[in-house]
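Taking it in order: structure first as structure tokens, then the write-up.
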Amino acid sequence: MCATLVAALLLAAAPSTAKEPSQVMIVTCAPGYPGTTAEAQPTMDLFAKAVAGAAGLPAGAVGAVYSPTEKDGLARIAAPEVAAALVTLPFLLKHEEALKLEPRLQVETRDSGAGEVWTLVAKKGRVSKPASLEGFTVYSIAGYAPGFVRGALGGWGRIPESAKVVESSQVLSSLRKAVGGAEVAVLLDGTQGAALSSLPFAAELEVVARSEKLPSAFLAEVGGRLSPALEKGFEKLPGDPQGATVLSTLRMTRFVPVDPAQLAAARRVVAGPAK
Amino acid sequence: MRGPGATLGAALLLLLGVGCAHALREPGPQPIPGDGKDPSALLAEARASFDRRPDASAVRQAESLFLAAAAADPRGIEGLYGAIFAKAWLIEHESDPKARAELAASAVQAGQWCEQRAPASAVCDYALAIGLGLQARESPSTALDALKLIVGRLERAAALNPKLDFAGPARLLALVLLRAPGWPLGPGDPESALAQARTAASYFPDHPPNQLTLAEALIANGSNDEGRAAAQHALRQATGGPSAADPDAPDWIRQAQGLIERASPR
């Protein structure tokens, strides 16, 4: 009996079947966050249906899929039927040029509004300035984008090149390593940073630095294929009952036009001072 | 009686799109005593029926008999405990989502009745945790709320009676910690899962589900060689040891083979 249950991993509904003809696709990519493509498919189907409805498109005109890894996201976004990608800031900054991603809308979330603050944490007393991180390993859920991790803390300074940046969604394990005395620091995202004090060993850690509020996620046009109607559909989701429900399920509030100044500031922060 | 094992493990990891419904509701009145049948006889008949799985009609009969035993003995908890196990098996072998959801909700109800009858009982803590896990899978909107309740119940059961169901509380807690989203979204914690899996395996090393859970925890923590060894241990017990005659042995064999492959060098 045990084995059947081990295998299941909670599929709430059967995943959608083959892509319909002439269906434009939205790829959601959030490397390191929980969930697999299969597990997320029922929610993605609801999301696509709501977006199509809000855009005044026929049901089935829009499909959506979730990519839990950078590699999978890159492969899926490159497909010709993909019109839009819902991606995190680190992913956008790393891949926007190669994938021809044009940010069109920003995501506002229930938890952090229009942006989030990233927090660098280390064992108390170990790290006082960027140079303290020489030879350290810096873990982060955004570790697949080392440029982002090194630059996210803006005015505090860049994490030195001699520090190794490692992608990890095992945040607890990384924090335990830091507490245990290893040369480890952890860059936490907004949700993780806000929950730091909930940890039983929080008193042994300290917040070394925080980023300014950076945009969390974007809806980016891919290859110039996002129609104005579909883009408007995302903005109209809160006003549509199905749309409002699915936004709530995804812990989002709404999609708003990109704030060019905020995006430019984020790009400058991560790129660092001009050489 | 062998437990549902990894039911809880399967019920997790759906935070993408999980709502926030309460996992526990008012359970309603306890089962009413029926026609004066002897509860012990009903329990014996129920267990015999349950042991005839994979015969689904026998398991359905077991469920009814367990519930009849619970009704016949208003203070007893074995009938409710057994009913939950039967419901867990039926869910796994039922394709209709509505029927599955109803079975899961009734499993939670049985767990709550159990707690009402024996508030400080490891058996009821364990039983309710299983019911909540079943419900979380069938009704994902309850998963977030259920996780906290499940972990609390299993930790309590493990402290009160660590050997219950072949170290079931530690084993299921390991699976929950392996499968749930990690901090801060959930209690997921592969390192703590490994500690729980080792505890379960230390109590009953030849119980295949314990070695299977240990294998999974070792693999999740990067110890593929040790994980493969644990899965092979489970396979040996499920094919040649005393557990080979268990009705669940075919499932254990399949699971062990899958884990061995997963842990093998590419």
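Lettering of chains follows the sequences in order, A, B, ..., and the numbering in each one begins at 1.
- By the 4.5 Å heavy-atom criterion applied to side chains, A/Arg176 and B/Asp189 are counted as neighbours.
- When all heavy atoms of A/Pro34 and B/Leu185 are compared, the closest pair comes out as CG-CD1, 3.6 Å.
- A 6.0 Å sphere centred on CZ of B/Arg228 holds more than 12 heavy atoms belonging to other residues, nucleotides or ligands.
- Between A/Ser198 and B/Trp183, the closest side-chain pair of non-hydrogen atoms falls below 4.5 Å.
- Residue A/Lys177 places its NZ atom among more than 12 non-hydrogen atoms of other residues, nucleotides or ligands, all under 6.0 Å distant.
- With a threshold of 4.5 angstrom between heavy atoms, A/Gln192 approaches chain B through its backbone and through its side chain.
- Between chain A and the options B/Ser139, B/Gly182, B/Pro190, the largest number of non-hydrogen pairs under 4.5 Å is found for B/Pro190.
- Highest contact tally toward chain B, considering only A/Val246, A/Leu199, A/Val171, is held by A/Leu199 [criterion: heavy-atom pairs under 4.5 Å].
- Heavy atoms of A/Leu46 lying under 4.5 Å from chain B are absent altogether.
- Residue B/Lys163 places its NZ atom among 12 or fewer non-hydrogen atoms of other residues, nucleotides or ligands, all under 6.0 Å distant.
- With chain B as partner, the option from A/Ser173, A/Ala30, A/Ser169 having the largest number of non-hydrogen pairs under 4.5 angstrom is A/Ser173.
- The environment of A/Lys164 atom NZ is sparse: at most 12 non-hydrogen atoms of other residues, nucleotides or ligands sit within 6.0 angstrom.
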